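All values below were derived from every heavy atom in this structure, side-chain atoms included, with hydrogens, water molecules and symmetry-related copies excluded. Everything quoted here is computed from the prediction, not taken from an experiment. Sequence lines set the chain letters: A, B, ... in the order given, protein chains first and strands last, and positions in each chain run from 1.
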Number of protein chains: 2
Amino acid sequence: MTQPLYQVKAEFFRTLGHPARIRILELLAERDHAVHELLEQIEIEQSNLSQQLAVLRRAGLVSQQRAAGEVTYTLALPLVRDLLRTAREVLLDQVTGQGALQAALRDSLHESA
Amino acid sequence: MTQPLYQVKAEFFRTLGHPARIRILELLAERDHAVHELLEQIEIEQSNLSQQLAVLRRAGLVSQQRAAGEVTYTLALPLVRDLLRTAREVLLDQVTGQGALQAALRDSLHESA
DNA sequence: TTAGCACCTGATGTTTTCTTCAAGTGACGA
DNA sequence: TCGTCACTTGAAGAAAACATCAGGTGCTAA
């Protein structure tokens, strides 16, 4: 019944691996949002948004609460903010090519190049 | 031609969203590994491993170098180590239920509960 | 130059994920 | 109670990702 750890991790990352879901999480990282607010920011159909929110709910990444006739979503795991920030850093690193540069530098320490 | 940022991010996370690829990255986070070494640790077929390595290569997450008749893979972006660590923290947070607890605590600061 | 090891690639059938549509629920005001 | 607003759910076809197989490349050593 217990899944291997690397499978849980993979599933977790796959949950983040969707444009709409990333946008949702980034918006929620700023502040809580009602569904209709998310809908304004993200150009997908309402029912599709609901589906994606359901995926995030099932994964335990967001939680919802109903109030004043609207449903508001919250980031269930505050640490996700850090994860998103780190991911941005990785992508920045990749884009500026510093990744390759650092690797080359590191190699030059124990190669004769 | 230029893809929206959230799509790039989603693609990035999707690349991490596979059990074998996660294992590869975690092994490479420890130290460089030759393909046959990876094969010993991960229970998939050789050709499948190659496919997954190709995915990681295309995504720019790993790089390969040939030496002494074997191909060795390296983590191309050192920051990926941090990302994997943060992801572990998030999952730990989720599992211990501290996510919900922290959220409740945070809420209790500006609600009257 | 041939053999063999280490690894990569392309094609193919299968599973999974996505999007969309249609129908459904639940709270609230008229 | 009826309608409506805000949102969710289920089903189904389309698209993407996977695993596997067969064949291929490149290096090394005999």
Original post:
How long is the line joining CG of A/N48 and C1' of D/dC7, in whole Å?
Top reply: 14 Å
**OP:** Round to a whole Å and report the spacing from CD of B/E45 to P of C/dT9.
**Re:** 17 Å
Original post:
Closest heavy-atom contact between A/V90 and B/L77?
Top reply: CG1-CD1, 3.8 Å
Subject >> For atom NE2 of A/H36 and atom C1' of D/dT8, their distance in whole Å >> reply: 16 Å
Original post:
Which whole-number value in Å describes the distance from B/L56 CG to C/dT9 P?
Top reply: 13 Å
Original post:
Are OP1 or OP2 of D/dT8 and a side-chain N or O of A/Y73 less than 4.0 angstrom apart?
Top reply: yes
Original post:
Between A/L28 and A/Y73, which heavy-atom pair has the shortest distance, and what is it?
Top reply: CD2-O, 3.4 Å
Subject >> D/dT9 phosphate, OP1 or OP2, under 4.0 Å from A/R57 side-chain N/O >> reply: yes
Subject >> Under 3.5 Å: donor-acceptor pair, side chain of B/R23, backbone of B/Q41 >> reply: yes
Subject >> Side-chain (B/Q46) to main-chain (B/V35) donor-acceptor, under 3.5 angstrom >> reply: no
Subject >> Under 4.0 angstrom between A/Q46 side-chain N/O and C/dT20 OP1 or OP2 >> reply: no
Subject >> DNA chain D contacts made by residues 12-29 of chain B, counting heavy atoms under 4.0 Å >> reply: B/R14, B/H18, B/R21
Original post:
Given D/dT8, C/dT19, C/dC8, which nucleotide is nearest the side-chain atoms of B/S50?
Top reply: C/dC8
Original post:
Of all the choices, C/dA6, C/dT20, D/dC7, which nucleotide is nearest to the side chain of B/E70 once you look at every atom?
Top reply: C/dA6
**OP:** In whole angstrom, give the distance that lies between atom CD1 of A/I44 and atom P of C/dT19.
**Re:** 7 Å
Subject >> Charged N-O contact under 4.0 Å between A/E11 and A/R58 >> reply: no
**OP:** Would you mind telling me which residue lines up with the more 5' stretch of DNA chain D, A/V35 or A/Q51, judged by nearest nucleotide?
**Re:** A/V35
Subject >> Distance in Å, B/L25 CG paired with B/Q52 CD, rounded so as to fall on 0.5 Å steps >> reply: 11.0 Å
**OP:** Calculate, to the nearest 0.5 Å, the distance between atoms CZ and NZ belonging to A/R21 and B/K9 respectively.
**Re:** 15.5 Å
**OP:** Rounded to the nearest 0.5 Å, what's the gap from CG on B/L27 to CD on B/E37? Could you check?
**Re:** 9.5 Å
Original post:
For A/E37, which contact category applies under a 4.0 Å heavy-atom criterion: base, sugar-phosphate, or nothing?
Top reply: nothing
**OP:** Evaluate side chain to side chain contact (heavy atoms under 4.5 Å, CB included) for B/V80 paired with B/L16, printing each intermediate quantity in order.
**Re:** CA-CA 10 Å; B/V80 166; B/L16 303 182; 5.5 Å; no
**OP:** Check the distance between C/dT9's C1' and B/L49's CG and give it to me in whole angstrom.
**Re:** 14 Å
Original post:
Would one find a side-chain N or O of A/Q52 under 4.0 angstrom from OP1 or OP2 of C/dT19?
Top reply: yes
Subject >> Euclidean distance, atom CG of residue B/L53 to atom P of C/dT9 [Å, nearest integer] >> reply: 10 Å
Original post:
Only one of B/R85, B/R88, B/R31 forms a salt bridge (charged side-chain N to carboxylate O under 4.0 Å, His left out) with B/E26, so which one is it?
Top reply: B/R88
Subject >> nucleotides 22-30 of chain C: protein proximity per nucleotide (B base, S sugar-phosphate only, - neither; heavy atom, under 4.0 Å) >> reply: B----S---
Original post:
Can you tell me how far C1' of C/dA6 sits from CG of B/L38, to the nearest Å?
Top reply: 13 Å
